[in-house]
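Chain A is the first sequence line, chain B the second, and so forth, proteins listed ahead of strands; every chain is numbered from 1.
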2 protein chains.
Amino acid sequence: MRKPILALAACCMAQFAFAQQEDSLAIRRLSDEMLTGSKAYDNLRVLTKTIGGRLAGSPQMVKAEKWGEAALKAAGADRVFTQECQVPHWVRGEKEQARIISNRRDLVPPLNVLALGNAVGTGPQGVTAPVLEVRSFEELEQKKDQVKGKIVFYNYPFNNRFVKTFQAYGDAVRFRSQGPSRASKYGAVAVIVRSMSHSTDNHPHTGSTRYNDSFPKIAAVAIGLQDADRLSKRIAGDRSARVFLRTTCQMLPDTVGHNIIGELKGSEFPDEYITVGGHLDSWDVCEGAHDDGAGCVQSIEILRAFKAAGIRPKRTLRVVLFANEENGVRGGSKYAELAKANREKHLFALESDAGGFTPRGFIMEMTDAQRSKVKSWLPLFLPYGLYDFDEVGGGVDIGPLRRELGTPVAELSPDSQRYFDYHHAASDVFEAVNKRELELGAAGMGALVYLVDKYGL
Amino acid sequence: MRKPILALAACCMAQFAFAQQEDSLAIRRLSDEMLTGSKAYDNLRVLTKTIGGRLAGSPQMVKAEKWGEAALKAAGADRVFTQECQVPHWVRGEKEQARIISNRRDLVPPLNVLALGNAVGTGPQGVTAPVLEVRSFEELEQKKDQVKGKIVFYNYPFNNRFVKTFQAYGDAVRFRSQGPSRASKYGAVAVIVRSMSHSTDNHPHTGSTRYNDSFPKIAAVAIGLQDADRLSKRIAGDRSARVFLRTTCQMLPDTVGHNIIGELKGSEFPDEYITVGGHLDSWDVCEGAHDDGAGCVQSIEILRAFKAAGIRPKRTLRVVLFANEENGVRGGSKYAELAKANREKHLFALESDAGGFTPRGFIMEMTDAQRSKVKSWLPLFLPYGLYDFDEVGGGVDIGPLRRELGTPVAELSPDSQRYFDYHHAASDVFEAVNKRELELGAAGMGALVYLVDKYGL
């Protein structure tokens, strides 16, 4: 009785080995195409250097949408279309001003700050007030009686002990998102937040804040790390020190934005979708190269490489350049809303929004069985340096798809060491992206798309 | 009879789990020390910015040796000493000149070239000759009758299909090392070699060449990638095109160099050595930041962090800043020679000489049993992103130790995507090194040293 079973097992194993070799060759074809003929880097150059920062509602965003449509057509999409959505329209206004004022009347350089996204301004006169520095919300609560009339300075340092820097970001970002309202509750007039970064430079890192409607909205800025240290030292040693802060940012009425979508029609199941995307918007003060020009051009590159390598997906591959990730996620919400309304079948969604760095794996939000299936493909990823498939998570823009339709989602997990050097800062420019690293990220994503398309999830 | 075995197994497993947790905590302590209190980045700044390029025999090398001694003392070495050795003394001379000369008499920019290390010069008059482009040694052999009186241009492109870029380097470097003599054999007057790189800029990448004494020594330069393409296009379309080349480099008599060594005395086996090192010399045209300032400051950092974290090694930890890796390996040879002469017991040697990038694993040259032992520690490395322990190899400077004493050796294997953007080119500067990536590399090395010291090999 054992022989047939053994024969069957041997047969299965041979089939498995054959399939694995076939997959390995197909993935190699995709990878070779991306490492030798990629358009990702050139696309990124055009997006960052000719359009630049492209916040939702800005004229640059409109240009970026047109660029996205053209790039998807050039990549060989069967069909390119858009989805309209309402987006917030926040404007930074004039260049922020911040400086230390003191009875010492010494000359000190201005403080390098950026208004937080979605924040209100100080008004044209600015505010001048003493500074209360705290390093935690607990310290704020302990000192709540001292807050009134002050500028609260959240000087919580990025924790370098985290090896994966997104953990340090998750740990620190609450001061940016909740800080203004929690200080306003006790009568603060404005807020300064230490940038969420471990960079060695002095660029402030912006990012959106969230007001709690129960309290007055107050102005809020991020400050560069060197200036955060300088301010901390100054107020500790100079009791007369105050800070003058002037921001003229404001939230205008919602306006129109678009998801830009290109499709490669599936050969067997054209009504089943695999979504691959990044977000087209970026902060206004940078070129948005890593965040998230990289994710956009990698997603477009996958479509191009499938066509160029002659690999037709069984399911319809949808490349989505999402509108408005940074300060609203309205594009991602609209995409899920329409998918639900149209009863679309979404097999899988993959995002790249953690920078154009060397890929190390994927974070995933899916069932255990689905995760096990992806992890069974590990030998096919290892030659490309992707080994880490254990973390839970997914892209911000495809989060609504997960919540509304239960779609399994994943996000490319590139090496994270440099990301927060550039994130939401003026240093996030084309030159900060390495061509090979960008291409390898796309190759890793392409391999996952290929396998999910072939074997399902 | 099964119960005692089970009990024993359970006991062993508990002990193993306990040991693993103890190791995990010790490695975390080392890592925390390096990620929050590292001196590696500051040390690198001083070495690269105040000393700069430091080829064997140069005045900068002497300064670098003094810097190394001081840095090792500052890191807390019990003992700092030097090993004298003879090193080659090659000098570049005046800035290289290279330009296209043609009957068209059009104005074209000069070609960006660098003499290859150890090469002879053209002489002060330079040489002017037609160019024969070849893409392989096979093509050279086929065209051997056309070589006489020509400048041979090896225009073999770096193969981007290799995911690990050191494989592309291994594939292409033969044109730099063997190219001059193989062309001289057929009467070439000089050689131009396409740089071993996939960078997007035009920096030429130097590196040493090796003459075959059977043939006349001819001048040889590396050319930047953009200029290689420009030259190739020009000679294909302009039969009157020749190249003028002028280099005044020369090899002077050997001079004196030193290995710089710092020790942390072992608590139990002070006569057993674990060597950790990088090479102190660099090419003259760059700051030698990735190659190999990074390896030097990482090695020093390991000694500092062991002391700062209160972890005393059982074996003597030797940090070695090797002399003259780039064009002679005389420092590494001397180190092995003295180790053998003094009958030293070398348990293990580890080098970092592949750039200060995020660590991904180690390449190793040791017995299968030793490799299996290192691989059994994988769970302790994964939290730091090191997963790749399969490749065979070791550092150039510790190669002689392997050959002479049979010492098991390893080399840090950092992410390789950016290395050949900078390797041996003017772009290898301090700014190209990321602080966190440098520190994480040191942390990975520190973990391996800790485990080998504790458990042996």
**Study point:** Any residue of residues 194-202 of chain B which, by heavy atoms, sits under 4.5 Å from chain A
**Key:** B:H198, B:T200
Study note, to complete from the structure: Looking only at B:E437, B:R360, B:E439, B:K435, most heavy-atom pairs under 4.5 Å shared with chain A are made by B:R360
Revision key, fill the gap. One option among A:A443, A:G385, A:P383 has the most heavy-atom pairs under 4.5 Å with chain B, and it is A:G385
Exercise for review: Answer with side chain, backbone, both or neither: which region of A:N159 has an atom nearer than 4.5 Å to a non-hydrogen atom of chain B?
Suggested key: neither
**Study point:** chain B contact via A:Y387 - side chain, backbone, both or neither, heavy atoms under 4.5 Å
**Key:** side chain
Review point. Which answer fits B:D415, side chain, backbone, both or neither, if we ask what part of it has an atom under 4.5 Å from a heavy atom of chain A?
Key: side chain
Point to revise | Side chain proximity check, B:D421 to A:N434, heavy atoms < 4.5 angstrom | key: yes
**Study point:** Inter-chain contacts: residues 36-49 of chain B against chain A, heavy atoms under 4.5 Å
**Key:** B:T36, B:Y41
Point to revise | Over all atoms of both residues, closest heavy-atom pair of B:V163 and A:R436 | key: O-NH2, 3.2 Å
**Study point:** Closest non-hydrogen atom pair between B:R28 and A:R161, with its separation
**Key:** NH1-O, 3.3 Å
